[in-house]
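A short write-up of the structure that comes next.
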Amino acid sequence: MELTANELATIVNGVVEGNGNEKINNFAKIEDATKGCITFLANPKYTQYIYETKASAVLVRKDFTLDKSIDATLIRVDDPYATLADLMNMVNSQLPKPSGIEQPIYVAENVDIAECKYIGAFAYIGKNVKLGKNISIYPQTYIGDNCEIGDNTILYSGVKVYHGCKIGKDCIIHAGAVIGADGFGFAPTSNGYEKIPQIGNVILEDNTEVGANTTIDRATMGSTRIGEGTKLDNLIQVGHNVEVGKYNVFAAQTGIAGSTIIGNYNRVGGQCGFAGHIKVGDGNEFGAQSGIPNNVGNSNRLIGYPAIDARSFAKNLVYIKKLESLFKNNKK
């Protein structure tokens, strides 16, 4: 599709500065964009590129100030990144999507697939599964007995949902994710480790997203729960009986040990590790590779292992870099 800068600005409630008739037909990063592309500037680190970009239009904040003239047309909005996401979702919604029921598939007794949007070849749907409206189930997906899947949810190829798990409305589960495998529970005995049956389930609330090859273990008893609007990146491990609140984001390779409770609106960098049986409050930020062994309150910015205040960590790092020269001076 092709739109002018003026037409795009109308869609996003933006203000055009420059040539409003500039034609836009693609998206690109600001440093790679060419004529016909729209891009965005949200991070100040990339400001230099706005004077070099070949993009036809750039989304910027309404209060952004230019130091010199540029060739691109500006579209001023409240939040360039969120606006770009809205535009890309608009375009994505118009792309062709698979529909209908492919063959072969296996559908067990007491399952109604009439209102599914799409079921791909070699999908397996177990007994008594409850499927909402407009669901897409991609090829080679497994849904165990007594599961529930809400309206408009998408399960991409190779997703495995073990028995008894519940997935809400408007969720996205990416390829290879495993929902409801056994929690890691073993009792030490004189003859080795005896497996503890994991008889609970997993509940994913509405509008959650689970990345490729992420695993969420079923509870020993009760439920492992991921709250509404929470987003999990690829290759994340969530242990049994974990409870994650609403609107959290977790970057790749993070691990959450069993029975940990995490609140709402936390942001977690990649490769973080949360110990088991701890409580984390609301609105925290955890830098990449942080280790969190103890309880955390609200509205902290933490990094390191064990995770400490981000400013303290930065100051300590300065001293660590000077250790070698300090030792050399002491030897003299």
| Same hydrophobic cluster for I101 and I149, using side-chain heavy-atom links shorter than 4.5 Å among ILVMFWY? | yes
| Just checking, K68 and Y51: is the charged tip under 6.0 Å from the six-membered ring centre and within 45° of the axis? |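 Judged by the rule (NZ or CZ under 6.0 Å from the ring centre, within 45° of its axis), K68 counts as positioned above Y51.
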Side chains of [X] and [Y], donor plus acceptor under 3.5 Å:
X	Y	answer
E194	T189	no
T224	H240	no
Q140	S157	no

| task | Decide if atom NZ of K195 counts as having more than 12 heavy atoms of other residues, nucleotides or ligands within a radius under 6.0 Å. | result | yes
| query | Around atom NZ of K35, are there more than 12 heavy atoms of other residues, nucleotides or ligands at under 6.0 Å? | reply |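 Result for NZ/K35: open.
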Give the table of side-chain donor-acceptor pairs shorter than 3.5 Å for residues 124-138, with sequence neighbours excluded, one pair per line with atom names and distance.
residue : atom : partner : partner atom : Å
N128    : OD1  : N110    : ND2          : 2.7
N128    : ND2  : N146    : OD1          : 3.3
N134    : ND2  : N152    : OD1          : 3.0

| field | Distance flag, aromatic centroids of F286 and F274, threshold under 6.0 Å | value |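 Yes; F286 has its ring centre under 6.0 Å from that of F274.
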| message | Ring-plane angle category for F184 and F186, please: parallel below 30°, perpendicular beyond 60°, tilted otherwise. | response | perpendicular
| query | Do any pairs count as a ring-ring contact (aromatic ring centres under 6.0 Å, His included) and have a residue in residues 61-103, sequence neighbours left out, and if so which ones? | reply |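 Those involving residues 61-103 are F40-Y81.
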| task | Let me know which of N213, D217, V242 forms a side chain to side chain contact (heavy atoms under 4.5 Å, CB included) with Q237. | result |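 So the option named by the test is D217.
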| request: Report the residues that fulfil salt bridge (Lys or Arg N to Asp or Glu O under 4.0 Å) with D32, sequence neighbours left out, ordered by chain and then residue number. | output: K29
| field | Hydrophobic cluster (4.5 angstrom, side-chain heavy atoms) - remaining members for Y162 | value |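 Noted: Y162 shares its cluster with V178.
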Identify every side-chain donor-acceptor pair in residues 201-208 under 3.5 Å, counting partners at least two apart or on other chains, and give the distances.
residue : atom : partner : partner atom : Å
N201    : OD1  : S223    : OG           : 2.6
N201    : ND2  : G164    : O            : 3.0
E205    : OE1  : E228    : N            : 3.0
E205    : OE2  : R225    : NH1          : 3.1
D206    : OD1  : K169    : N            : 2.8
T208    : OG1  : E205    : O            : 3.1

Could you tabulate the donor-acceptor pairs under 3.5 Å formed by side-chain atoms of residues 289-297, not counting sequence neighbours?
residue : atom : partner : partner atom : Å
Q289    : NE2  : Q271    : OE1          : 2.6
S290    : OG   : G287    : O            : 2.6
S290    : OG   : G304    : N            : 3.3
N295    : OD1  : K279    : N            : 2.9

